[in-house]
Chemist: 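Right, I'll just put the structure down here and ask away after.
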Number of protein chains: 2
Amino acid sequence: MSQPATQESPAPRAEFAVSVDLTAVVVAVTDDQPRVLIVRPAEVSTGERLDALPSGPLELGHRTLESGLRAWVEAQARAKLGYIEQLYTFGDRDRTALKVPTGRILSIGYLALARETGAAAANTSWQDWYRYFPWEDWRRGRPSILDRLEPTLRAWVAAGPSRVEQTTRKTRISVAFGLDGARWSEERVLERYELLYEIGLAFEAHRDGSPTGCAQSDVPTEAQPMTADHRRILATGIARLRGKIKYRPVVFELMPPAFTLLQLQRTVEALAGLRLHKQNFRRLVAQQGLVEETGGIVTGTGGRPAREVRFRHEVLIERPAPGLRLPIAR
Amino acid sequence: MSQPATQESPAPRAEFAVSVDLTAVVVAVTDDQPRVLIVRPAEVSTGERLDALPSGPLELGHRTLESGLRAWVEAQARAKLGYIEQLYTFGDRDRTALKVPTGRILSIGYLALARETGAAAANTSWQDWYRYFPWEDWRRGRPSILDRLEPTLRAWVAAGPSRVEQTTRKTRISVAFGLDGARWSEERVLERYELLYEIGLAFEAHRDGSPTGCAQSDVPTEAQPMTADHRRILATGIARLRGKIKYRPVVFELMPPAFTLLQLQRTVEALAGLRLHKQNFRRLVAQQGLVEETGGIVTGTGGRPAREVRFRHEVLIERPAPGLRLPIAR
DNA sequence: TTTCTTATGCTCAAGATTAGCATAATAGGC
DNA sequence: GCCTATTATGCTAATCTTGAGCATAAGAAA
């Protein structure tokens with residue numbers, strides 16, 4: 001056993017070649033659709049042109065990981081990023097089509113929020129994120145693709161090698177996909193994707209040569225795969241964002257400076273993939289003091305004109321961490 | 001601008017040497033104190049013997065990052081880890097005493113929960129985490145060290161180069177440290193440490209040669225520093241755990257199989273660094289169905305004997321994701 | 001036996017949530 | 001100009017949740 005790396009250790013030992021990719025999930029909401037910035041690789045070797053997230057290798061010149069990411073994305077998309085947060089670092093040896101016997105590729109995933117600007121740069125485009133996860137959009141009711149996935153999920157449960165394993169599998173699909181009486185939980189995006197990968201219902205599992213529980217022909221064609229582990233990173237980003245909008249005022253990073261309450265609601269609905277109760281949504285926003293009136297009135301909404309509001313930046317100081325509470329003694 | 005890394009790209013390019021350290025915050029609670037597994041480096045070169053978290057380099061043999069971490073920690077501490085989750089990946093070029101002009105050290109931090117077993121392995125020990133963050137323990141009221149820190153914080157505010165910057169700084173210290181009427185928020189552990197580092201009230205800032213706003217003599221001596229960026233990783237772990245206990249039943253990973261409600265409360269209090277309201281805490285635990293009676297009675301508590309309870313594992317299936325809710329339309 | 005300490009049951013008021021109904025104000029078709 | 005569809009917004013009743021506390025039970029220590 002070698003010594004742990006400490007302050008006193010010598011220069012980093014290159015046990016093997018590690019290459020670090022900084023990968024971004026850049027989100028915007030336009031026309032009530034959640035969009036993600038996509039890069040189409042210019043080089044085609046296999047004939048497959050898989051969508052990719054903007055990314056690039058960590059370089060010596062990057063002072064911090066975040067500044068490196070910013071540099072790559074801003075160069076590729078010619079857009080300025082606002083809010084950024086790190087998501088997760090992926091480094092499974094076998095979760096890629098590209099097997100490197102002497103090295104390893106790490107992907108450090110980031111979530112960034114932006115406002116879609118008119119023209120995307122060459123080779124980039126904004127894509128509806130439900131293109132990659134059609135089962136995640138419940139705004140018009142339960143997505144029909146779930147009916148097509150369910151038989152394969154059930155078959156995988158039945159194929160469990162033991163009773164105990166079958167029970168475990170049943171619980172997993174019930175909780176993840178809201179089956180057998182369980183409630184759909186919009187935040188379990190990554191859990192669902194990982195389960196589909198494991199079962200073999202994600203194209204990437206077959207591409208990577210991972211062991212799967214079903215045939216490649218069972219993979220639904222309407223769900224677009226992505227290059228490398230990018231769909232996994234995107235799932236992580238969506239899950240994080242869906243969780244975060246509930247306790248931090250991050251939605252406003254996606255809104256124009258002034259907007260109506262319905263626009264705000266539609267944006268949250270687009271992200272959560274759910275319809276929300278209008279009156280209660282408004283009360284929630286009002287009582288938290290998240291917005292203030294600009295004084296403007298927006299007509300042409302097809303009904304009574306709406307008041308125009310803007311984000312109250314003061315809330316960041318006033319109520320910096322809403323969220324849950326412990327029963328604190330005072 | 002080079003091409004983004006994609007599935008089709010060749011073997012990873014070693015732009016420069018990247019070495020990846022897997023670092024663990026291993027937490028246990030014993031005698032109502034939150035403890036963290038610490039490694040004392042055997043090699044001493046500078047005369048300083050700084051505490052370190054268990055860690056080791058990512059190696060080719062590690063199938064996943066998590067299994068690599070598990071291997072390192074279990075070898076160093078001779079203990080099995082239970083719950084594990086990834087925290088964050090740190091890679092700031094200049095946040096270490098060790099400047100590597102041709103490479104970079106990444107630290108991937110993990111949080112692991114354990115039960116303290118009798119004897120720690122040689123070179124390892126369990127340390128109270130408030131040894132590194134004495135301002136975080138409010139169980140016996142406001143920690144006095146805050147009185148000693150406050151003048152330097154105020155001086156840093158006053159030293160802001162502009163009125164705007166001074167206001168920003170004032171808000172930052174108020175929110176982070178619960179000054180000027182703001183409420184103490186137990187989750188802002190990392191924010192507080194980062195602010196102290198920036199101001200120069202953390203030893204590590206002086207060690208790293210980072211620009212600081214105060215003299216090294218202002219650094220409080222009762223707060224133990226750590227090697228490399230380990231105190232930053234520990235702060236991240238504490239913050240994550242303090243947040244997580246509110247919406248996931250992770251505390252039970254730290255409890256013995258059977259325990260009393262007061263023991264459970266003291267454990268949560270140890271982690272949160274706060275005193276909790278007893279009756280309300282019990283009601284919370286009861287109404288969520290988190291525990292069930294074992295039938296046992298524990299005497300010798302210094303008062304009326306307590307019922308013995310155990311964690312109800314079924315809750316993981318029944319209520320898989322409590323947390324906040326959006327006003328969903330049904 | 002008294003006193004202290006902890007365990008546990010119960011209550012009350014305030015606040016937040018869920019699920020509605022009702023009314024106001026515009027656009028568009030006739 | 002009038003009716004209707006559509007959206008905006010105000011208001012309410014029932015239900016849950018939370019904060020704070022009182023009262024009693026049952027051991028341990030003096």
Side-chain angles (χ1 to χ4, degrees), chain A residues 31-32 139 183 245-247 258-269 272 274-310 315 318-319 321-330, chain B residues 31-32 139 183-184 186 245-247 258-269 272 274-310 319 321-330:
Chain A
D31 300 331
D32 301 337
R139 286 177 294 173
R183 184 96 135 256
I245 46 175
K246 293 176 191 169
Y247 60 94
F259 48 89
T260 69
L261 289 176
L262 188 61
Q263 280 171 15
L264 182 64
Q265 182 180 342
R266 291 281 178 255
T267 302
V268 174
E269 287 176 338
L274 292 172
R275 280 253 164 257
L276 303 181
H277 186 284
K278 184 167 181 167
Q279 288 81 355
N280 292 344
F281 178 80
R282 282 154 179 267
R283 187 166 37 86
L284 209 74
V285 171
Q287 90 183 11
Q288 296 195 99
L290 291 173
V291 300
E292 62 193 359
E293 297 190 32
T294 62
I297 296 282
V298 180
T299 60
T301 55
R304 174 175 171 171
R307 290 170 309 155
E308 197 181 52
V309 297
R310 64 174 156 245
V315 295
E318 291 166 18
R319 1 183 324 108
L324 303 196
R325 271 164 306 193
L326 291 166
I328 296 168
R330 258 170 261 152
Chain B
D31 299 334
D32 301 338
R139 286 177 294 173
R183 187 96 132 254
W184 176 262
E186 80 284 355
I245 47 175
K246 292 175 191 169
Y247 60 95
F259 48 88
T260 69
L261 290 174
L262 187 60
Q263 280 170 14
L264 182 65
Q265 181 180 341
R266 293 282 178 254
T267 302
V268 174
E269 287 177 339
L274 292 172
R275 280 254 163 254
L276 303 181
H277 186 283
K278 184 169 182 168
Q279 288 81 353
N280 292 343
F281 177 79
R282 281 155 179 266
R283 187 179 45 191
L284 209 74
V285 171
Q287 87 183 11
Q288 297 195 105
L290 291 174
V291 300
E292 63 194 359
E293 297 190 32
T294 62
I297 296 283
V298 180
T299 60
T301 54
R304 174 175 172 171
R307 291 171 307 155
E308 199 182 49
V309 298
R310 63 174 156 247
R319 4 182 322 108
L324 303 196
R325 272 165 306 194
L326 291 167
I328 296 169
R330 258 170 263 158

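Quick note: numbers below take in every heavy atom, side chains included, and nothing from hydrogens, waters or symmetry partners. Letters go in sequence order (proteins before strands), and every chain restarts at 1.
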Chemist: Whole angstrom is fine here: how far is it from CG in A:L276 over to P in C:dG20?
Modeler: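 So the CG-P distance, A:L276 to C:dG20, works out to 16 Å.
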Chemist: Applying salt bridge (Lys or Arg N to Asp or Glu O under 4.0 Å), name anything that partners B:R307, two or more places apart in sequence or on another chain.
Modeler: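 So B:R307 forms a salt bridge (Lys or Arg N to Asp or Glu O under 4.0 Å) with B:E293.
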Chemist: In whole Å, I'd like the distance from the CD atom of A:Q263 to the C1' atom of D:dA8.
Modeler: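 So the CD-C1' distance, A:Q263 to D:dA8, works out to 13 Å.
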Chemist: Report each atom pair, protein N/O against N/O of nucleotides 11-16 of chain D, whose distance is under 3.5 angstrom.
Modeler:
none

Chemist: Once you round it to whole Å, what is the distance between C1' of C:dT8 and CD of B:Q265?
Modeler: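 Taking atom C1' of C:dT8 as the reference, CD of B:Q265 is at 13 Å.
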Chemist: Nearest of D:dG27, C:dA25, D:dA8 to any side-chain atom of B:P305?
Modeler: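 Closest nucleotide to the B:P305 side chain: D:dG27.
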Chemist: Under 4.0 Å between a side-chain N/O of A:K278 and OP1 or OP2 of D:dT9, yes or no?
Modeler: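 For D:dT9, OP1/OP2 do not have a side-chain N/O of A:K278 under 4.0 Å.
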Chemist: For the side chain of B:N280, starting at C-beta, report the closest nucleotide among D:dG19, C:dT6, D:dT18.
Modeler: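 Closest nucleotide to the B:N280 side chain: D:dG19.
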Chemist: With sequence neighbours left out, write down each residue that passes side chain to side chain donor-acceptor pair (under 3.5 Å) with B:R266, or none if nothing qualifies.
Modeler: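 B:R266 satisfies side chain to side chain donor-acceptor pair (under 3.5 Å) with B:E269 once adjacent residues are dropped.
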Chemist: Between A:R307 and D:dA8, does any side-chain N or O lie under 4.0 Å from OP1 or OP2?
Modeler: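 Result: no.
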Chemist: My understanding is that only residues two or more places apart in sequence, or in another chain, count here; which of them pass side chain to side chain donor-acceptor pair (under 3.5 Å) with B:Q263?
Modeler: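 Testing B:Q263 for side chain to side chain donor-acceptor pair (under 3.5 Å), a comparison that skips the adjacent residues, returns none.
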Chemist: Which heavy atom of A:L276 sits nearest a heavy atom of A:Q265, and at what distance?
Modeler: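 Heavy atoms of A:L276 and A:Q265 come nearest at O-NE2, 3.1 Å.
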Chemist: Roughly how many Å is it from CG in A:L264 to P in D:dT7, rounded to a whole number?
Modeler: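 Rounded to whole Å, this separation is 17 Å.
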Chemist: Please pick, from D:dG21, D:dT9, C:dG20, the nucleotide with the shortest atom-to-atom distance to any side-chain atom of A:A306.
Modeler: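 The nucleotide sitting nearest to the side chain is D:dT9.
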Chemist: Start at the 5' end of DNA chain C and walk down; is the nucleotide closest to A:I297 or to B:L262 reached first?
Modeler: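 Looking at the nearest nucleotide for each, B:L262 comes out on the 5' side.
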Chemist: Are B:T267 and B:F259 close enough that some pair of their side-chain heavy atoms sits under 4.5 Å apart?
Modeler: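 No, their side chains stay 4.5 Å or more apart.
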Chemist: Rounding to a whole Å, what distance do you find between A:H277:NE2 and C:dA16:P?
Modeler: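 In whole Å, C:dA16 P and A:H277 NE2 are 18 Å from each other.
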Chemist: Please identify each residue that fulfils side chain to side chain donor-acceptor pair (under 3.5 Å) with A:R139, with sequence neighbours left out.
Modeler: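 Side chain to side chain donor-acceptor pair (under 3.5 Å) list for A:R139, sorted by chain: A:Q33, A:D137.
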Chemist: For A:E292, give me all partners under side chain to side chain donor-acceptor pair (under 3.5 Å), at least two apart in sequence or on another chain.
Modeler: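 A:E292: side chain to side chain donor-acceptor pair (under 3.5 Å) contacts with A:R310.
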Chemist: Ignoring the backbone of A:L261, work out which of D:dT9, D:dT18, C:dA7 is nearest its side chain.
Modeler: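 Looking only at side-chain atoms, A:L261 lies closest to D:dT9.
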Chemist: In whole Å, what is the span from the NZ atom of B:K246 to the P atom of D:dT18?
Modeler: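 The distance from NZ of B:K246 to P of D:dT18 comes to 13 Å, rounded to the nearest Å.
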Chemist: How long is the line joining CD of A:E293 and C1' of D:dA8, in whole Å?
Modeler: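 Distance check: A:E293 CD to D:dA8 C1' gives 12 Å.
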Chemist: Starting at atom CZ of B:R282, determine the distance to atom P of D:dC22, rounded to an integer number of angstrom.
Modeler: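 My rounded result for the distance is 18 Å.
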